[in-house]
Protein chains: 2
Amino acid sequence: MTLHPQEIEARFRRQAVRVTRQRAAIYAALVETTSHPTAEDLYRMVTRQHPTMSRNTVYYTLGVLRKAGLLQEVNVGHEVARFDGNVTMHHHLVCVQCSRIEDVMDQELDRLEISARQARGFHVLGHRVEFHGYCVSCRAGRREASPSQG
Amino acid sequence: MTLHPQEIEARFRRQAVRVTRQRAAIYAALVETTSHPTAEDLYRMVTRQHPTMSRNTVYYTLGVLRKAGLLQEVNVGHEVARFDGNVTMHHHLVCVQCSRIEDVMDQELDRLEISARQARGFHVLGHRVEFHGYCVSCRAGRREASPSQG
DNA sequence: TACCTAGACAGGAATGATTCCTACATAGCA
DNA sequence: TGCTATGTAGGAATCATTCCTGTCTAGGTA
């Protein structure tokens with residue numbers, strides 16, 4: 001999804017986030033991809049247009065935008081943090097081989113609940129379902145390499 | 001759950017894992033708690049009885065036991081790795097304030113599936129549901145501090 | 001039972017994502 | 001247009017984890 005600069009600015013102002021060229025560039029890069037990039041990925045994407053931007057700014061900005069609810073952090077396994085410009089409730093498919101992450105929108109999964117007994121006194125705010133498996137390209141690789149393991 | 005040394009040894013041998021005092025101590029500490037400890041937590045627990053054990057051995061052993069299917073890594077948010085001696089399928093309640101993790105056993109959650117369309121060609125192996133909220137003690141703290149925010 | 005050797009252990013160095021620090025720059029308001 | 005709180009750049013620091021290397025030992029064998 002490509003976003004007009006005015007739309008980015010509007011979203012920032014709605015959340016009382018100061019508008020700077022760096023922030024707009026980082027947010028635009030994130031919203032324009034569905035690949036759940038890492039901070040380092042975003043740094044590389046953004047420094048093409050803004051060669052002087054520092055990693056620090058990327059980390060700082062990601063923190064600001066997260067607190068403002070303009071992005072969410074997606075953490076899969078014990079890997080580096082990844083970011084998602086889609087802040088609506090959704091779930092993930094994760095490839096156990098290449099770490100690719102794809103979004104799953106499914107209202108049935110959104111409605112999951114647990115009983116009070118199971119909740120152990122927790123005040124539950126939300127939930128997330130993570131499906132693990134092999135993505136299309138890794139399945140293909142495995143089929144060639146070892147047919148019995150797929 | 002307290003485990004007899006013989007039972008630990010039996011489990012190791014069943015998975016062709018060499019039996020050493022260090023490994024038995026680490027595994028026993030993990031299985032005896034429900035707190036999903038970090039590697040550092042386990043290091044502290046285990047060095048009480050084995051003061052010369054190195055962190056390296058803890059990390060190495062956790063890797064060995066994970067590959068053998070004797071424990072699983074639980075990763076919540078973008079925090080340090082935590083470990084769980086419960087290797088049966090289960091789900092988690094996570095406190096967004098203090099990071100406490102509690103297990104949820106629920107066969108309905110175990111049976112979740114997604115449609116082929118949603119699966120995007122993934123070969124799904126399993127899934128995990130994570131519920132986020134405030135645990136009992138953090139709810140209590142919040143009630144005192146700011147009644148309208150709970 | 002003593003010996004052998006692949007694999008395990010200890011401890012220190014290295015790595016790498018993330019955070020901290022600080023001086024300079026700028027968004028947004030008066 | 002000027003002021004000031006906040007953002008930015010860049011380098012240093014942090015810290016969980018991994019790597020390296022020289023002993024040590026579990027578990028099989030003679």
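Within every chain, numbering begins at 1; the chains are lettered A, B, ... in the order of the sequence lines, protein sequences first and strands thereafter. Everything numeric in this text was worked out from a predicted model, so none of it was measured.
Between B:Gln22 and D:dT25 there is no side-chain N or O to OP1 or OP2 distance below 4.0 Å. The side chain of A:Ser54 places no N or O atom within less than 4.0 Å of a non-bridging phosphate oxygen (OP1 or OP2) of D:dG10. Neither OP1 nor OP2 of C:dA17 sits under 4.0 Å from any side-chain N or O of A:Thr38. At C:dG16, none of the side-chain N or O atoms of A:Arg55 fall inside 4.0 Å of OP1 or OP2 (strictly under the cut-off).
Of the charged side-chain nitrogens involved, none lies within less than 4.0 Å of a carboxylate oxygen, so that B:Arg128 and B:Glu130 do not count as a salt-bridged pair.
Looking at A:Gln72 and A:His90, their side chains come closer than 4.5 Å, going by heavy atoms from C-beta outward. Contact check for A:Leu62 versus A:Leu71: side-chain heavy atoms found under the 4.5 Å cut-off. Annotation: side chain of B:Ile114 is in contact with side chain of A:Leu93 (closest heavy-atom distance under 4.5 Å).
Residues B:Gly69 and B:Val87 come closest through the heavy atom pair O-CG1, 3.5 Å.
Of the residues near DNA chain D, B:Thr20 and B:Arg82, the one whose nearest nucleotide (by heavy atom distance) lies more toward the 5' end is B:Arg82.
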Which protein N or O atoms sit under 3.5 Å from an N or O of nucleotides 3-6 of chain D?
| residue | atom | partner | partner atom | Å |
| --- | --- | --- | --- | --- |
| D:dA5 | N3 | A:Arg18 | NH2 | 3.4 |
| D:dT6 | O4' | A:Arg18 | NH2 | 3.2 |

Give every pair of a protein N or O atom and an N or O atom of nucleotides 21-24 of chain C that lie under 3.5 Å apart, one pair per line with the distance.
| residue | atom | partner | partner atom | Å |
| --- | --- | --- | --- | --- |
| C:dC21 | N4 | A:Asn56 | ND2 | 3.1 |

List, with names and distances, any nitrogen or oxygen atoms from the protein found under 3.5 Å away from nitrogen or oxygen atoms belonging to nucleotides 1-4 of chain C.
none

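Residue contacts shown for A:Val19 are limited to sugar-phosphate atoms, with no base heavy atom under 4.0 Å away.
Sorted by first then second residue, the ring pair (Phe, Tyr, Trp, His ring centres under 6.0 Å) pairs that include residues 15-45 of chain B, not counting sequence neighbours, are B:Phe12-B:Tyr27, B:His36-B:His92.
Surrounding CZ of A:Arg14 are more than 12 heavy atoms belonging to other residues, nucleotides or ligands, all under 6.0 Å away.
Listed by residue number, B:Thr52, B:Met53 are the residues of residues 39-53 of chain B with a heavy-atom contact under 4.0 Å to DNA chain C.
Looking at residues two or more places apart in sequence or on another chain, you find a side chain to side chain contact (heavy atoms under 4.5 Å, CB included) between B:Gln97 and B:Cys95, B:Tyr134, B:Cys138, B:Arg142.
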